[in-house]
Amino acid sequence: MLTQTLRVGLLAVVCATGVALGATGAMAASQRPLVVGMALEPPHLDPTAGAAAAIDEIVYANLFEGLTAIASDGSVVPALATTWTPADDGLSWTFTLRDGVTFHDGSAFDADVAAFSLDRARAEGAPNAQPQLFQAIDRVEVVDPTTLTIHLSTPDADLPYAMGWGDAVMVHPNSADENMTAPVGTGPFRLDAWRRGDRVRLVPYEEYWGEAPQLPSVEFAFIADPTVALSAMLAGDVHAFPNFPAPESLPLLEGDARYHVEIGTTEGETILAINSRRAPLDDVRVRRAIASSIDRQALVDGAMFGTATPIGAPMPPHNAAYLDLTSVNAYDPDRARALLAEAGVENLSLTLTLPPPAYARRSGELIAAQMRAVGIDVALRPVEWAEWLTKAFRGKDYDLTIVAHTEPADINIYTRPDYYFHVENERVSEIVAALDSTVDAEERVALLQEAQRLIAEDAVNGFLFQLPKIGVWDARLDGLWSDAPVQANDVTGVRWTE
Amino acid sequence: MGLGAAGLMAAIAMLAVVWTPYAVDTVDVANRFAGGSLEHPLGTDQYGRDVVSMLMAGAATSLGVGLGAVLIGVVCGVPLGLAAASLTGWRASVIMRGNDLVFAFPALITAAILTTLTGPRAINALVAIGIFNTPVFARLAANSARQVLALDFVAVARLAGKGRARIAVEHVLPNIAPVILTQAATQFAVAVLAEAGLSYVGLGAQPPAVSWGRMLAEGQTLIVLAPQLALWPGIAIALSVLAATVLGEGLRRRLDPRLARFTGE
C-alpha cells in the first residue's frame, strides 16, 4: 500500500516535471519521439521483394530512397537523381545522380549502385511485386559515376513516376540480400530495432545527404484491433494513426481539440464487381439495373460514416483525368425495375461474396437491402481473404463481390479478358493500348476520360466510392500526409510544433 | 413466474416470424442512430432499422435455435442414454465413452468445423449446439434410468416377460421424463447463450438474418457513437437466459424426484 502511494506520488512529480519542461521551450518538444500506429505488421522490410503495403508504410522515403520520389500531392520530385531528361526519340532517359550520398553502412551511392539496383529489380525471377514498372527497360548504362542512362525497348512516358515507387528504391550490392531483416538504405532514418509483433524503431542517420529529420526517433507500433487503436490514441500511447481503422469512432476524436482528423484520398476505388460471364449478368440491361439500384450516398453515410467520396467510374477523384460519372446509371429504383422487366428477368437471386474488411461487410449489407428493394434477391456470403482470392478472384466463382482496387493507374485491368470481371469493349482496349505510347498530358486525359465513360456506360461493375485515408494525429504534429498517392507514411518532414 | 416470462418471450418470437413493426431487411440510412420516439421506442440502429423490430426478429432466431438445439439433444441423447442404461458390458461402454468424446468438443469448435465445411449459417449454430447438447441428455437419461431400473416394479415387469426395449419405453421413460424436461429448460438457456456467442464471432446467423449475438458484435464497434445499440441486445440475452433458468428451476421444484414424491414408489 505504502509503495503504491509512493509510486503514484513519484508519477505525479514526473508528470509535473514533464509539463514544466514542455512549457520551457520548443527544444524539449522537438526531442519527443514520434509513435505512429499501423494496423498491420509487415512480413519483412524489403520494399523490392514484397507487395505488402505495410513495408512501404514504414520504409518508403524514411529509410529507402529511389531515383525519384512521389510527393504528398502525387507529383514526381527529385530524390537520389537531381534531374532527368528523355531522348528525342523517347527511347531513353538520362538521370543525373546526386553526389556525396552514402548508405547507412557507409558505402557510397553512385551510378554503378543504381544500375545494380535496377538490374536486380527487373531480373528474371526477381521477387519484385511490380515487374510492370521495369517492363519497358531494355538496358541500364553507366555513363559516369553521376550519370545513368536507361535505354527502353518501347517509349515509356511514365518512367520517372515508376522510379519513384517503393519497389524501385536504391539498394547496395553489399547489403541488398539482408534488406528483409536488416534494411540498409540512403534515407534520413536508419533501422534501430524491430521488436516483432510490437514495433519497428527508426533513428536519424547522421550522415544523411539532405535536411536532417526533426525527430529524435520514430516508432511504428502495430495495433490490429480498431477498439484498441482508439484507446491507444486516447491514452497518448500512439501520436498518429495515418490510416485510422475505426471511422465510426471519429466523432469522438473530432470533438477533441487534442487531435487533428484529416480525411484524405487514396487510390482505392471500391467496386461491386459483377461476374458478367454468368447469365443474366452478361446482359448490359441487368448490369445497369444493378448499378441503378445502388444508393451511393447511403453507402457513404451508412458504411463509411460520411468519410468516402462517391465515384461513377474506376478513377480516383484527385486524378487529373477524373470525370464525375455518378450520374451514369445513377440511383433510380424505378429505372432498375424497368430495365429488369425489359430484359425479361424475373425472380433474380444472386450471391454477394464479401471479403473481411469493414467497408465490404457494411456496404454488402446495405447493397443487399437496396437490391431487394428493386426485386433482386441477394444472399450474403462472408468469406476470409484466402477463400476470396482462390474462389472469387482466381476461380471467378462468384455472382457479385465488393472490393477496393488500391493500385494507382490501374484502368488497364478493364481490358484483361481473363480478369475476374470482364466486359469486352474494343474501344476501351484500343484506348488502353494507345495510352502506353501517348506522352502528351492533354491527350492522355482525353483518352482516360473516354475510357471511364465507356466503362461506366457498360456498367462493367457497380462503382461505389473512393476509400478515404482517415488520418488522426496529435494536434501538435505538423508535416504528416493528408492523401495517399503511394502507400507510405513519409515522416521526414514531421515535427512537433510545441 | 419463469413460465410467464418464457411464455411472453415465446409469444414475441412467434409474432416476429409473421410480423414486426418495421421490416428488418430494409435500410433507411438517412434515419440512422435515431433516439427513442413514438415511431421507434428504442430508436434505430446504424442502418436506420428499428431496434424493437430487430430485437423481436432476434428473439425468433434465438428461440428457434435454442428449441432446435434442445430438440436435437433430447431426440438423440435420451435414446442413447436409455440404451446405455438397459444394455450391459461393452455396448454400454461404447455408447458412454462415445458421449464423453462428443462432450469434449465445445460447441464453438463444432460450429467452426461445420462452418468450414458448409459456410456460415444459422442452421450450423443450431446443429453445433444440438450436438453439444446430446451427451448432456444422454448422461442424464442413463443415470436416471439406472436408478429406475433398480426398482422393484421394473423387476416385476421383467418377470412378466417384457423385453429390455419395452421396459425402457413403457416404464423407464415416463419416470425420467420430468428430469429430462427440467434439464431441457436449463439447456435451452445455455443454447440461447451459445447461439449469441457463435453469432458474435460470426459463426452463426448471417445478415440479413438478425441475431442478438450479431447485434451485440456490431453494437460493440459503435459503442462510442451509440452505446444503446450494444445495450439492448445484451439486455435481451440476459433476460431470456434468466427466464429460461427460472423456468428450469420452477420445473425442478415441481418435478424433481428428490424434492417431490417419486411416481414409481
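Hydrogens, waters and symmetry mates play no part in the numbers below; they use all other heavy atoms, side chains included. On a predicted model such as this, the values are computed, not experimentally measured, just so you know. Order of the sequence lines sets the chain letters (A, B, ...), proteins ahead of strands, with each chain counted from 1.
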Is it true that a side-chain atom of Arg288(A) and a backbone atom of Asn329(A) form a donor plus acceptor pair closer than 3.5 Å? no
Atom group of Gln220(B) that falls short of 4.5 Å from chain A, counting heavy atoms: neither
Side chain, backbone, both or neither: which part of Leu230(A) has a non-hydrogen atom closer than 4.5 Å to chain B? side chain
For Trp473(A) and Phe241(A), I'd like to know if the aromatic rings sit close, meaning centre-to-centre distance below 6.0 Å. no
Flag the one option from Val378(A), Leu252(A), Leu366(A) with the top tally of heavy-atom pairs under 4.5 Å to chain B. Leu366(A)
In plain terms, say whether Asp397(A) and Arg277(A) are close enough for a salt bridge, that is, a side-chain N and a carboxylate O under 4.0 Å apart. no
Region of Ala298(A) in contact with chain B, defined by heavy-atom distances below 4.5 Å: both
Between Arg361(A) and Glu365(A), is there a salt bridge with N-O shorter than 4.0 Å? no
